[in-house]
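Positions are given from 1 along the sequence.
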Amino acid sequence: MSQWACVSAANLSCQASIINTQKLRNTPRCDAFSFKGSEFMAQSCRFLSPQAIYGRPRNGACPLKVVCVDYPRPDLDNTANFLEAAYFSSTFRASPRPAKPLKVVIAGAGLAGLATAKYLADAGHKPILLEARDVLGGKVAAWKDKDGDWYETGLHIFFGAYPNIQNLFGELGIDDRLQWKEHSMIFAMPNKPGEFSRFDFPEVLPAPLNGIWAILKNNEMLTWPEKIKFAIGLLPAILGGQAYVEAQDGLSVKDWMRKQGIPDRVTTEVFIAMSKALNFINPDELSMQCILIALNRFLQEKHGSKMAFLDGSPPERLCAPIVDHIQSLGGEVRINSRIQKIELNKDGTVKSFVLNNGSMIEADAYVFATPVDILKLLLPDNWKEIPYFKKLEKLIGVPVINVHIWFDRKLKNTYDHLLFSRSPLLSVYADMSVTCKEYYNPNQSMLELVFAPAEEWISCSDSEIIDATLKELAKLFPDEIAADQSKAKILKYHVVKTPRSVYKTVPDCEPCRPLQRSPLEGFYLAGDYTKQKYLASMEGAVLSGKLCAQAIVQDYELLVARGQTRLAEASVR
């Protein structure tokens, strides 16, 4: 029988506890290689057979052997975007040490909240990071099942075009935890079941020539006339830069393509897959701004589209080092600390955060780093008509489902890479038993798949989702997988549903995205939905956290004076 649990922003009272990242390291690790979920979530797991026994030993045994070699870390450190992000990070460490460090309470320990706390701590302040659940990471959260196998909120890819993420790894000394893959994009061929088409970016060419070469050399997906029309259509975006990109926010991908005279088949062959990978929706809904931001980064940076997998679960391998860093500088991270209410002063500013256990936390500054849907649930009534907050009504999280399936054998028709399925139901997928060191298994495959668009499926049963997934996998693995399991058999699966994930990047959303500094003194926002140039992504979340921390550091004198005024008022009473 499937077991699942739902967690929402407004229920589930838990006892708060200070996180101990040492507990995250109790699992034995094997280092034989040299190699971004929402609060609204349901998880489920089904074990199909009590006799499902794995080929790899447990209890700390490490039978790993090198069957594939990851690629070296690309030369990112001298690129303009990397250097800009590095300088931004350095401003926190170099800022004057505050005479009175600010106490800053941050709600939400996803990447945005973690980044906010990290950079505030770097600047000498004292963040208190509150996470409602018992797991870190937000949209990159993951859980361990009874067999010790991890299952995640999503299939997370780290691009070379993520300069703030790449700097963060370097600042924490964990660059070696990214497993870089060959510089390619690999698409399944629906009209040729079991076959793939590749876009290979040659190392010897600079950008944008390496990307142009990759497109021109691929002859399976686009014809030469289509390539030429596509290239001509893209010229305004390449020449117009960020200003042009942002001006396209009002058009969907499909509408923009037609406006530029690009054949519909280009959208069908390439951009359905890209749209679902970037925002879990189809190109008739997605804002073209989202696609152009990705294309600009991929075409203008030599290693921009190069991909890496994390070498294990995000809570252990990424979030825990950030927590260690925050705590080493005097900050706190508390799990099981759910915000019940934002308590206000008479002037409408924040007085305290009230937790579900009834306790109140007062601070010099307050940050909400949760998904936008949770913020909207907890907005005080007299804030809702303020234009800054009212515009948030259009920003709505998109549903997505992440599926993990463990098979009884090693699948052969796959790559050590991310794969674009081009399926009507699936977005991207990977055989994590090959791509990720911690999930490595020489005998059995574990496919992790993003099921999107998911709006019509989010309320379906897990068995319905698995049945639909198997039918699609039968097309991708015609010789190895059958919908009736007459070929490869499922040992177990996990389904993680996120009814409200990243904000749905539909046309005309850009004006609704808020700056990190709110109009209410002492209240700030962080999250990939806030105003920053990388939209809904792990990079966007981290950058938003840096921008939020920057705003608080810049407001230091104002916040200190505000605190002194409050103390004076309290003493008079």
Side-chain angles (χ1 to χ4, degrees), residues 9-10 13 16 39 98-109 112-113 116-117 120-121 123-132 331-332 334 337-393 395 514-527 529-531 544-545 547-573:
S13 176
E39 289 285 339
K100 178 186 178 297
L102 295 172
K103 178 182 177 183
V104 183
V105 178
I106 305 162
T116 304
L120 282 173
H125 299 290
K126 303 300 178 188
I128 300 175
L129 183 57
L130 308 177
E131 169 53 45
E332 296 180 27
R334 304 178 187 176
S337 299
R338 185 175 297 275
I339 305 295
Q340 182 183 58
K341 181 183 179 183
I342 301 173
E343 188 78 22
L344 302 184
N345 293 304
K346 291 181 180 179
D347 64 359
T349 59
V350 180
K351 179 181 180 181
S352 66
F353 283 170
V354 181
L355 304 187
N356 261 22
N357 61 9
S359 64
M360 295 191 305
I361 299 183
E362 295 186 355
D364 299 304
Y366 301 85
V367 178
F368 242 73
T370 67
V372 65
D373 299 280
I374 293 173
L375 169 64
K376 290 189 290 184
L377 277 178
L378 292 173
L379 275 182
D381 288 340
N382 54 344
W383 284 9
K384 291 179 180 178
E385 294 305 312
I386 297 174
Y388 176 87
F389 295 109
K390 189 170 181 59
K391 290 190 297 184
L392 298 179
E393 292 175 3
L395 302 181
L515 295 171
Q516 287 74 28
R517 181 188 285 112
S518 86
L520 296 166
E521 201 173 276
F523 186 73
Y524 304 82
L525 298 179
Y529 70 92
T530 62
K531 183 68 175 175
S544 78
L547 291 168
C548 181
Q550 180 188 55
I552 293 170
V553 171
Q554 290 172 344
D555 291 348
Y556 174 73
E557 298 294 341
L558 174 69
L559 294 169
V560 169
R562 178 175 176 267
Q564 291 171 343
T565 300
R566 297 292 179 202
L567 283 174
E569 290 174 351
S571 64
V572 170
R573 297 188 199 118

Next on the checklist: What verdict does the side chain to side chain donor-acceptor pair (under 3.5 Å) test give for Gln516 and Thr530, after you've listed the backbone C-alpha separation in whole Å, the side-chain angles of each residue and the deciding distance to 0.1 Å?
Outcome noted: CA-CA 6 Å; Gln516 287 74 28; Thr530 62; 2.9 Å; yes
For the residue pair [X] and [Y], what are the closest heavy atoms and their distance?
| X | Y | answer |
| --- | --- | --- |
| Glu131 | Gly108 | OE1-C, 3.9 Å |
| Ala112 | Ala369 | C-CB, 4.2 Å |
| Pro371 | Tyr529 | C-CE2, 4.4 Å |
| Gly522 | Leu559 | CA-CD2, 3.7 Å |
| Gly545 | Thr116 | CA-OG1, 3.2 Å |
| Pro98 | Gly124 | CG-O, 3.6 Å |

Atom pair [atom1]/[atom2] of [X] and [Y] - distance to nearest 0.5 Å:
| X | Y | atom1 | atom2 | answer |
| --- | --- | --- | --- | --- |
| Glu521 | Asp555 | CD | CG | 8.5 Å |
| Lys341 | Leu378 | NZ | CG | 11.5 Å |
| Ile386 | Leu379 | CD1 | CG | 9.0 Å |
| Asn357 | Arg338 | CG | CZ | 12.0 Å |
| Ile361 | Leu130 | CD1 | CG | 4.5 Å |
| Cys548 | Arg517 | SG | CZ | 9.5 Å |

Checklist entry - Parallel, tilted or perpendicular for Phe368 and Phe353, by the 30°/60° rule? => result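 Ring orientation, 0 to 90° scale: perpendicular.
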Checklist entry - Does Ser518 reach the main-chain N or O of Phe523 with its side chain, forming a donor-acceptor pair under 3.5 Å? => result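 It does hold such a pair.
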Next on the checklist: So does Asp347 get a backbone contact from the side chain of Asn345, meaning a donor-acceptor N/O pair under 3.5 Å?
Outcome noted: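 No.
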Checklist entry - Residues in salt bridge (charged side-chain N to carboxylate O under 4.0 Å, His left out) with Glu385, at least two apart? => result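 With sequence neighbours excluded, Glu385 shows a salt bridge (charged side-chain N to carboxylate O under 4.0 Å, His left out) to Lys390, given in chain and number order.
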Checklist entry - Which residues satisfy the salt bridge (charged side-chain N to carboxylate O under 4.0 Å, His left out) test with Lys391, sequence neighbours excluded? => result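 Expected list: none.
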Item to check | Set of side-chain contact (heavy atoms from CB on, under 4.5 Å) partners for Pro380, sequence neighbours left out | outcome: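 Partners of Pro380 by the side-chain contact (heavy atoms from CB on, under 4.5 Å) criterion, ordered by chain and then number, come out as Ile342, Leu344, Asn382, Trp383.
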Item to check | side-chain contact (heavy atoms from CB on, under 4.5 Å) partners for Ala121, two or more places apart | outcome: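 Pro127, Leu329.
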Item to check | Partners meeting side chain to side chain donor-acceptor pair (under 3.5 Å) with Tyr366 (sequence neighbours left out) | outcome: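 Side chain to side chain donor-acceptor pair (under 3.5 Å) check on Tyr366 returns nothing, list empty.
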Item to check | Atom NZ of Lys384 with >12 non-hydrogen neighbours under 6.0 angstrom | outcome: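 Result for NZ/Lys384: enclosed.
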Checklist entry - With a cut-off of 6.0 Å (strictly less than), are more than 12 heavy atoms of other residues, nucleotides or ligands near NZ of Lys351? => result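 Not buried by this count: 12 neighbours or fewer within 6.0 Å.
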Next on the checklist: Using side-chain heavy atoms (C-beta onward) and a distance below 4.5 Å, is Val372 in contact with Pro514?
Outcome noted: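 Side chain of Val372 against side chain of Pro514, heavy atoms only: no contact under 4.5 Å found.
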Checklist entry - Do Val553 and Gln550 have side-chain heavy atoms sitting under 4.5 Å apart? => result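 Val553 vs Gln550: side chains apart.
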In a table with atom names and distances, give each donor-acceptor pair under 3.5 Å that connects a side chain of residues 99-106 to protein atoms at least two apart or in another chain.
unit_1 : atom_1 : unit_2 : atom_2 : d
Lys100 : NZ     : Asp364 : OD2    : 3.4
Lys103 : NZ     : Glu362 : O      : 3.0

Item to check | Worked verdict on Ile552 versus Val367 for side chain to side chain contact (heavy atoms under 4.5 Å, CB included) | outcome: CA-CA 10 Å; Ile552 293 170; Val367 178; 3.6 Å; yes
